Structure formats: C-alpha cells, structure tokens
**Student:** 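Okay, here's the structure, questions in a sec.
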Amino acid sequence: MEDKNRLLLIDGSSVAFRAFFALYNQLDRFKAPNGLHTNAIFAFHTMLSSLMERIQPTHVLIAFDAGKTTFRTEMFADYKGGRSKTPDEFREQLPFIKEMIEKLGIRHYELANYEADDIIGTLDKMAEAPDVNFDVTIVTGDKDMIQLVDGNTRVEISKKGVAEFEEFTPDYLLEKMGLTPSQFIDLKALMGDSSDNYPGVTKVGEKTGLKLLQEFGSLENLYENVETLKASKMKDNLIADKEMAFLSQQLATINTKTPLEIGLEDTLLKEKNVAELGQFYDEMGFSQFKSKLLTDGGGEVTDETVSEEIKFEIVTDKSSVASVNADDFFYLETLGENYHREQIVAFAWGNAEKIYVSKNLDLLTEMKFPENTYDFKKNRVLLSHLNIELPLVKFDAMLAKYLISTTEDNKISTIARLFDVGHLATDEEIFGKGTKLALPDDEILFDHLARKIRVLARAKEKMMAELIENEQEHLLSDMELPLAEVLAKMEITGISVSQNTLEEIGAENEEKLALLTREIYELAGEEFNINSPKQLGVILFEKLQLPVGKKTKTGYSTAVDVLEDLAALSPVVAKILEYRQINKVQSTYVKGLIPQIADDGKIHTRYVQDLTQTGRLSSVDPNLQNIPVRLEEGRKIRKAFVPSQDSLLLSSDYSQIELRVLAHISADEHLIDAFKHGADIHTSTSMRVFGIEKAEDVTANDRRNAKAVNFGVVYGISDFGLARNLGITRKDAKNYIETYFERYPGIKTYMENIVREARDKGFVETMSHRRRKIPDINARNFNVRGFAERTAINSPIQGSAADILKIAMINLDKALTERQSKSKLLLQVHDEIILDVPLEELEEIQALVKETMEEAIELAVPLKVDENTGKTWYEAK
DNA sequence: CACATCACG
DNA sequence: ACGTACGTGATGTGG
C-alpha cells in the first residue's frame, strides 16, 4: 500500500484560470520586475505546492487545452462559442506557468484537436489498467471531469482561493447529487452547459434533469420510455430536442482513447532544477519562493542570499540590564501557549541595530523594562510568577496590529510580512508543533528572538503611522493597553471552583447517563455509539426509518432541531436528546473543568484580546464565557463557582446593550423614545410593528415574535433567517421586516448607509474607531455578498457594545484601586462582569459598579445595568 | 485535522 | 435562482 504509485493529473488550463481569479483583486500588486503580471503564476505555484505536499504523488502531468478548434467543434460548431475573450493579463502568463512547471520537474502536455480533459481521461484509464493500478487524483477548475471518478480516481475541484477544493468520490457524488459518474454525463446531456455553450433539452435544468435521471436511470432509458411520461410541455421538449440531447451527451463525454504521444512512464516526477528555478523566481520577483527553495535544501547557495544577517549579544550577567533604553522593545519567549503554566525560556530586548538575548531569568529581577513590547498581558502574567510587577508599556505591537487589521493573525512573522520589514520564520517553523514542540539549540533560539526584536523595532513607526491615519491611537493607548492590564489582573486572580461540587454533579450525571444509555439501546434494539452522529443516523433513519429532514455534507443531520421534530415519532429520540444534554454537561463542564482547577483551587482562564473580528474578547483554556445557564441541568455547574471567604459574587450585566447601541448609532427616534421611556423593548416593538395600542394587549406570542425581529435587526436581518427562526413562512417574515422598517425608518436608513459605507471604504467602524474590513462587500456571489452586508450591519453594533464594556472595566478597575477596595473583577462575559465582593463592601461596590457601567459612555439613550449577588454564580443570576 | 454538535452573549 | 441569521470555544468521532 505504502509504495503504491500515485498519479496527479491537473487540468492546467482551468486551474490556471482559477488561479488568475483567485488573486484577481491583487492584479496590480503582483508584477514581475519587468512589468509582467504574475498573479496567476504565483497562485498556480501556491496551489501546486500545496497539492504536491498533500498528495505526495509519484507521477504528475499537467494538461493544457491546445487551441480553439477540437473534435468537438467539428461536431457542434458553437461548442465553447460566445465566451468572452480571455483577459490579456491572463494570456501573457500562461507561457511562464508552463516554463515554471518544467523547472519544477513536472511534465506538461497538450495535443491539437483535444482538450485537457481528454488527455487526462485517457491517462486516467491507462493508470487503471490492472498491471499498473495507480491511485489517481484529478485536479480541475470545473465540473466536467466528475464523470471520471471511480474506486481509483478522485476528482478535486478548486472552490475558493488557492487552497480550497471539493473532493468528488463515487460516494460523495451519490451523496451530494444522487448520481453515478456516468449519470453525470447524462445530466449534462439534459441540462446542457452554458459555459461550453451547448443547450441540452429546452427548459430542463439541474432540478428536472436530476428528477428524470432518478426515475429512468439513464438518457437512453429515458428516451426508450419517453412515451410513458404524461403529457406536458416538458415531454414535448424532450421529444423535440432528442437529437440535441444525444449530441450534448457526446460533447459532454470525455474521450478516454485520445491518441497521446506520451505514456504513464513520461509522467514520472523528476527532481526540480534548483538553479533555473531560483533564476525564474528572481525574474518573477518571488522572493519568498526563492528563500524557501534555498532553505529546503536547494544546494549550493549560502544562507546570506536567503536572509539578512543579524547580530546580537548574549547576556549572562547583570551588567547591562539596568540601563535599557526606554525606547527599546522587549520580548519574553515561552514554549507553550498557556502562560499561566509556562516558564520563560529566553528573552530579548533592544532596537533595530543593537539586540540582546538571554536565558538567565535572574536578570529579569534587575531589569529596567523598556516601553515597547509584544503581548503585554502575557508578559505581565509571566513576570508576576517571578514576583516582578511589569509596568504598563506604551506600545504593544500585537494589539496595534489587531487594531489595524483583524483579517490576519497578529504573529510577529505576519507583522514582518505585512509591514515589509524582512522575512521572519514562524514560531511553528522554529519550535515545531503538537508532540514535536521543542526548544531548538541556543544558537537558533537566540537568532530567532533577535530577529523578532528587529522586526518589531522596524515595524513600530509604520504601525503608529497607520494607527494615526485610522484615528486609532487612543484605541491603543486608552483602551486596549489599559484593558490588557485589567485582564492580566483578572486572569491572575482567577475564580474559585469547588471540585467537590463538580464531582457531585458528575456522579449524578453518570447515573443518569448509564440509565439513558440502557434505555436507548433497548429502544433502538441494539448497542451503538450514541456520540457518533454517523452511527446514530443509521439507527434513526435506516433502522427505524424515521423521515430524513436535514442532511449535512457527510450524511444525515442529527442536530437538536432535527431531533425535536422527530421526538413525537419515536420514544428513543427524546431519550437521545436528554442523553446529549447531560453528556454535554458531563464532558465539557465536569470532566473538562476539573483538570483546569489549579493548585490554588482556582481556574485561571486566558482572555484572547486580539482575535475576534468585532472587538469582543474570547476566553480559552478553559472558556469561561460559555458556562451553561439556559437549561437547569447545565446551570447547576454554576454552583461550583464560588467567591472567596466572607465575600459574595456580584454579577452585573447591561440590559439590551446592543439594541441601545443601535438606537444611538442609527438615531432612530422611535427606538430612542422607547428606551428613554424605560419601556420593555420587545413589547414596545410588538406594539409598533403589529399596531397594538395598549401594552396589556401584547400577548406572550406577540412579544416573542418581536423579540426575534429585534434579534434579526441586530444581526442584519433577512426574511429567510427570520422565517427559519420563527418557524413562519418567508413571505410572512418579509412582511414583518417591511413593517418594521416602515415603523423604524431610522433603522432602515442606518442599514443602507452602513452597507454603502462598507462599499465605499472597504471597512466599517465602531464608535471608538475600531475597524473591520469587509472585503467581500462587492462580491459577485450572492451569498458571499449577503454575508458581507450582514457583517457590515452587525459589526459596528456588536463592536461598539464591546468597546463600552471595555471602557467600563477600565474605569471600574481604576475606581476600585483608588478606593483601595478589596473587591476584585473576576470574569467578563461580553455584556456582563462578575466580581468578588467582600460582604462589608457590598452595598458600596454594588452601587459603584452599576454607576460605572451605566456612565461608561454617554449615548442618546440611557444604559441600564442589572445586578445580582449570591454565594455561588448559580445564585447570582 | 475536518466535521458535527452544542455551550455562551 | 442562489440558500444565512452575528460573534465565539470545547468535545468526540472518524478518516
């Protein structure tokens, strides 16, 4: 099995075309020094490398179309007619793609009168001969080749960008479309192909075609039995277009007997020509490919041409640490991610010219820390373990990069690339990952650290310039940086969790699960893994024959909403739902949390401050922002979260903060009025939208519907989404939305304006100038564009709400410090903060928290905070 | 390592 | 015609 030959066949013409469009928006950025466009060459190279890496083929052939006329144009003159001219920018790149392929040691081939498909189909058949029996992967940009899939052959179709492919196997084809590979040809015969410009049968599209094939199996059988169809327009069309259907069938069929001048032996992968390839990359201006080529063992070229030299001083004693320049950067390295449990393995400081590195942690005690760093919060926590209190810095490159753009990650290697300050290896390249994570030799470690310092030092001014340009300097200095300090404090404090309580809940759950498991096996008539959606699907939809509702990409969906619809049909379904619920609590919150309790009896989460697209925080390792609350079964977990001795937990949350923010930024007078009058907002919406005069006349159902509409508004409403959520028709949902916009015209205007703004500027902003890029806002694909529009609507709302809570936390921390209060911030859950408050301070602090939160910012509507206290988190709600 | 599922705001 | 509500993280399965 291991030494089996693997053949990779690529439709060079269509993949190159896809590559061209994958980086079409970067057309101007990808230019060779001589002015040649290189976006397609670059993307093709990237696609090819990742395919080679993933598939590890022994044999490769890239086929190209030879010219406009083929045996198909002889059969049908209009074949591929009416296509718009291929762009010049693309055509000029094709010869270079072929040249590059040769230098990579890969064979390419084209043959007059035949298309790339035919070359590939023929080689595929050759490779399936019993005496050779290759595994074949075909990569292409369009669907025509799906007909070739079989046990030995899978077809991957480029979907998006340079890395996403949809993989077709016989099973997948059957799953997705209900077709065999040969039926796929017949489907195209019936529906035609608009891009290849043959028509098939009039008025028959994919839906009808699929239906007919499901009924008759094949085109031939359909026409043998065409008279049995009941009289209809479709029947008339089928009969009238019979000839075209069979011609289309011939056009769609790939010729697997093409008279090739090459054989399988010619596709054997050869060594790449490093010297010529290096020269080619230079000509194209592909410096990254060049350096990768050389580092991957290219041969004779020395390191100097690859990367810049760097000098640094290894410090072992305390002589130089007390006089560090304030303008320098410093950086602490750890091996793992969880800095609560990690040790500092090395550190570095300096500027773009002079850099120092060390492994001697004793030096840190004497160190005068400079004012620039990367990930202040991590550094603060790490140093706190050495009893060093790191003063707040003035600049944090990680946070700065996050504010400038959330589209990419904020690693230093990414900063190096984006701000064009030289190449930096990723941490993964230096330290490995997973089980292979390890420290390299000091030489490599220090070199890497020194390079990080240099990148940071060089990028700082560019980043500052961009922050100023974006009006974001305050966002860094007055929001994210002070917040980092507050979050560090919260993480270090941690929250006490009673292991006993968790274990008691766990024991109860185990009993319930054991009983439910027995009952489920009994009702199902056999034992199976209830946790496997695949096995569960077989039991429910095959053995018990329950009606199939939704499907997922891999099989039957067994998600809650599907199962709830089935509960009435079989008693086992309710038991499965109950099992799922308890098992979730047990695995994630009992078994998951217990090992997270540290020796101090507390859980110390980490807040990720540079991740979300909107400005929210996230919480990891463990996530304390998704502790169950909605269902009683899970809510009990909160009984394990407790305050310190003689304290209570105080939970303070903003009421309807997102709708209040929406009222403010949209300036809709009716929504503002409602909040000013302290109305129940869903009742108020209900009255306006459904035309109800008196609040008493709003039924629970009216309010529920209005609540769903309000949610929808915040998310960037669509009739489809609202209909699905409320279980009403799309038409009714559409009506609701129209009425809503009539009654709240300011909201409608906001939505139109923000989408236009996203189109004009390419990004949207929160009240504090936090930005989110919306690159897909002009996408031609309806879905992609729709998603981008909803994002444009939602992000300023969710993001401004996040900004407000961040401000409140900073102000509150300051107020607590000034009062020398013993109360402590413990957790943040998006619109809520949880504090540990000593009993004697309760009254004072409760008032302080409420006031600080409500006055964090002045909006056109009041902010409202609800508070609860308790001896556990369960009670404080 | 991708996917499905389900926990939160 | 297209087929989704916005933002997250952890777990278990199965290739």
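Given the structure is predicted, the values throughout are model-derived calculations rather than measurements. In what follows, chains are A, B, ... by sequence order, proteins preceding strands, each numbered from 1.
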**Student:** Looking at A:K773, I'd like to know if its NZ atom is crowded, meaning that more than 12 non-hydrogen atoms belonging to other residues, nucleotides or ligands lie closer than 6.0 Å.
**Tutor:**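 Check passes, neighbour count above 12.
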
**Student:** Assess the side chains of A:R756 and A:N753: does a donor N or O sit below 3.5 Å from an acceptor N or O?
**Tutor:**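 Per modelled atom types, A:R756 and A:N753 side chains form a pair under 3.5 Å.
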
**Student:** Taking B:dA4 as the reference, what is the distance to C:dA5 when you measure between their P atoms (whole Å, please)?
**Tutor:** 13 Å

**Student:** Is the shortest side-chain N/O distance from A:N529 to OP1 or OP2 of C:dT13 below 4.0 Å?
**Tutor:** yes

**Student:** What integer distance in Å separates A:L659:CG from B:dG9:P?
**Tutor:** 16 Å

**Student:** Between A:N794 (CG) and C:dA5 (C1'), how many Å, whole number?
**Tutor:** 10 Å

**Student:** Wobble G-U and Watson-Crick pairs count when both distances are under 3.5 Å; given that, what is the 5' to 3' dot-bracket string of DNA chain C, with | for pairing to other strands?
**Tutor:** .....|||||||||.

**Student:** In whole angstroms, how far is the C1' atom of B:dC1 from the CD atom of A:E53?
**Tutor:**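 So the two atoms are 15 Å apart, to the nearest Å.
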
**Student:** Stacking check: are the rings of A:F787 and C:dT4 less than 5.5 Å apart at their centres and under 30 degrees in tilt?
**Tutor:** no

**Student:** Examine distances only and state if a side-chain atom of A:Q613 and a backbone atom of A:T406 form a donor-acceptor pair shorter than 3.5 Å.
**Tutor:** yes

**Student:** Think A:R580 has a side-chain N or O under 4.0 angstrom from the OP1 or OP2 of B:dC6?
**Tutor:** yes

**Student:** Quick check: any donor-acceptor pair below 3.5 Å linking the side-chain of A:R724 to the base of C:dT4?
**Tutor:** no

**Student:** Could you work out the separation of C:dT4 and B:dT5 based on their P atoms and round it to a whole Å?
**Tutor:**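 Straight-line distance between the two P atoms is 14 Å.
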
